[in-house]
Amino acid sequence: MSRVAGAAVALAAAGVGAWGMAWWTRQTTQLSRHDSPAAAPLRFATTVGSIGTRVTYPAGQEPALVAPDGRRLLVHSLLRVDEPMKFGDFVWNEQGVPASGATQIRVDLSRQLMSVFRAGHEIGTAVILYGTDHKPTPTGTFPILARARRHVSTLYDAEMPYMLRLTNDGVAIHASAVRRGFATHGCVGIPEDFARHVYEASARGDLVTITA
């Protein structure tokens with residue numbers, strides 16, 4: 001069962017939050033996704049109609065996201081998303097962001113959102129699916145152990161495109177049908193177009209932090 005349920009989600013400004021920050025309101029709702037993605041140049045894609053502007057923090061005033069294990073991610077900029085995100089929605093924008101640098105992925109299960117950062121700049125965000133109470137998605141910080149553009153689960157005989165494996169027992173990030181009422185068997189499911197961007201931006205060893 002989804003946790004989106006019309007919850008308001010924060011993604012900006014200084015304060016205390018799930019990762020040590022209070023965010024600007026990035027809302028999610030239970031409405032269906034937009035009929036078609038907005039037209040966008042290469043490396044800029046969106047399903048929510050945002051022009052992809054970002055909020056940039058002045059040098060010396062950058063907030064930090066703190067993972068449960070104490071790892072800190074200094075945030076230089078965040079994507080600005082000015083309308084509610086729905087199941088299947090995402091924004092991806094690398095414009096004005098360094099072409100190289102560490103990629104870190106943050107998953108917030110309570111807000112049902114993923115954020116992808118490169119060199120401290122958020123380059124992507126999406127509404128996700130996660131595991132049910134019978135097969136919950138684990139929390140913690142995990143290195144990407146393996147990658148595959150096309151993968152089929154041997155446990156569930158299910159396709160898992162753009163798979164990024166996080167645990168030895170098969171928990172992974174992968175493309176999924178992100179719809180209201182859907183869930184996974186413990187994996188993090190993301191829209192396929194977004195999953196392709198995440199796959200191309202990540203590598204083995206990159207860190208994924210999942211919080212409850």
Side-chain angles (χ1 to χ4, degrees), residues 1-4 7 9 11 17-21 28 64-73 75 87-90 92 101-120 122-212:
M1 181 64 70
S2 165
R3 293 185 189 176
V4 172
V9 194
L11 273 190
W19 292 319
M21 295 177 63
T28 53
L65 297 180
V66 183
D69 63 0
R71 298 174 192 260
R72 295 170 60 86
L73 171 61
V75 177
F87 288 98
D89 280 347
F90 72 92
W92 188 274
T103 295
Q104 296 187 44
I105 299 172
R106 298 277 175 140
V107 177
D108 188 323
L109 299 179
S110 66
R111 292 177 171 89
Q112 204 160 352
L113 287 176
M114 173 187 287
S115 288
V116 182
F117 292 86
R118 179 191 295 142
E122 187 183 37
I123 57 176
T125 183
V127 181
I128 67 163
L129 295 180
Y130 57 89
T132 64
D133 292 340
H134 298 292
K135 188 67 175 178
T137 300
T139 58
T141 297
F142 308 90
I144 295 174
L145 302 176
R147 303 164 72 251
R149 287 184 181 273
R150 297 297 169 191
H151 178 76
V152 176
S153 169
T154 56
L155 288 175
Y156 304 106
D157 190 28
E159 293 186 0
M160 298 167 58
Y162 303 109
M163 184 274 298
L164 304 175
R165 184 161 58 84
L166 305 181
T167 69
N168 289 323
D169 60 354
V171 173
I173 297 169
H174 61 81
S176 184
V178 181
R179 302 173 185 169
R180 178 181 179 180
F182 280 40
T184 71
H185 293 96
C187 292
V188 176
I190 53 179
E192 184 162 359
D193 287 345
F194 182 75
R196 174 173 53 83
H197 286 298
V198 176
Y199 184 89
E200 292 173 352
S202 61
R204 288 184 62 181
D206 287 344
L207 296 179
V208 177
T209 295
I210 304 175
T211 62

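These numbers come from a predicted model, not from an experiment.
- With rounding to the nearest 0.5 angstrom, the OG1 atom of Thr211 is 10.0 Å from the CG atom of Leu65.
- Atom CG of residue Leu109 and atom OH of residue Tyr130 lie 7.5 Å apart, to the nearest 0.5 angstrom.
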**Report entry** Evaluation steps, side-chain contact (heavy atoms from CB on, under 4.5 Å), between Leu166 and Ile144
**Finding:** CA-CA 5 Å; Leu166 305 181; Ile144 295 174; 4.2 Å; yes
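- Nearest approach of Gln112 to Ile128, heavy atoms of both residues: NE2-O, 2.6 Å.
- Contact detail for Tyr199 and Met163: the closest heavy-atom pair is CE1-O, 4.0 Å.
- Under the side chain to side chain donor-acceptor pair (under 3.5 Å) criterion, Arg71 pairs with Asp69, sequence neighbours left out.
- Between the side chains of Thr209 and Thr141, at least one donor N or O lies within less than 3.5 Å of an accepting N or O.
- Across every non-hydrogen atom of Gly101 and Arg118, the tightest pair is O-CG, 3.8 Å.
- Between the side chain of Arg204 and the backbone N or O of Leu145 there is at least one donor-acceptor pair closer than 3.5 Å.
- Side-chain contact between His174 and Tyr162 is absent, with no heavy atoms from C-beta onward closer than 4.5 Å.
- Here CZ of Arg106 is found 11.5 Å from CD1 of Ile210. Values are rounded to the nearest 0.5 Å.
- Pairing each heavy atom of Gly131 with each of Thr184, the nearest pair is N-OG1, 3.2 Å.
- By the side chain to side chain donor-acceptor pair (under 3.5 Å) test, Thr167 is found to be paired with Asp169, residues two or more places apart in sequence or in another chain being considered.
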Query raised in the report: Are Val188 and Thr137 close enough, and set up right, to give a side-chain contact (heavy atoms from CB on, under 4.5 Å), and what steps lead you there?
Result: CA-CA 7 Å; Val188 176; Thr137 300; 4.0 Å; yes
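- In this structure, Ser202 OG and Ile173 CD1 are separated by 7.5 Å, a value rounded to the nearest 0.5 Å.
- Rounded to the nearest 0.5 angstrom, Phe142 CZ and Arg165 CZ are separated by 13.0 Å.
- Between His197 and Trp92, the angle of the ring planes stays under 30°, which puts this pair in the parallel group of the 30/60° scheme.
- Taking each heavy atom of Pro191 and Phe90 in turn, the nearest pair found is CB-CD2, 4.3 Å.
- Between Pro161 and Arg150, the closest side-chain pair of non-hydrogen atoms falls below 4.5 Å.
- Between atom CZ of residue Phe194 and atom OG of residue Ser176 there is a gap of 13.5 Å, rounded to the nearest 0.5 Å.
- Judged by distance alone, with hydrogens and angles left aside, the side-chain atoms of Thr139 form no donor-acceptor pair with the main-chain N or O of Ala212 at under 3.5 Å.
- Counting all heavy atoms, side chain and backbone alike, Val116 lies closest to Val198 at CG2-CG2, 4.0 Å.
- Within the 3.5 Å criterion, the main-chain N or O of Phe117 finds no donor-acceptor partner in the side chain of Glu122.
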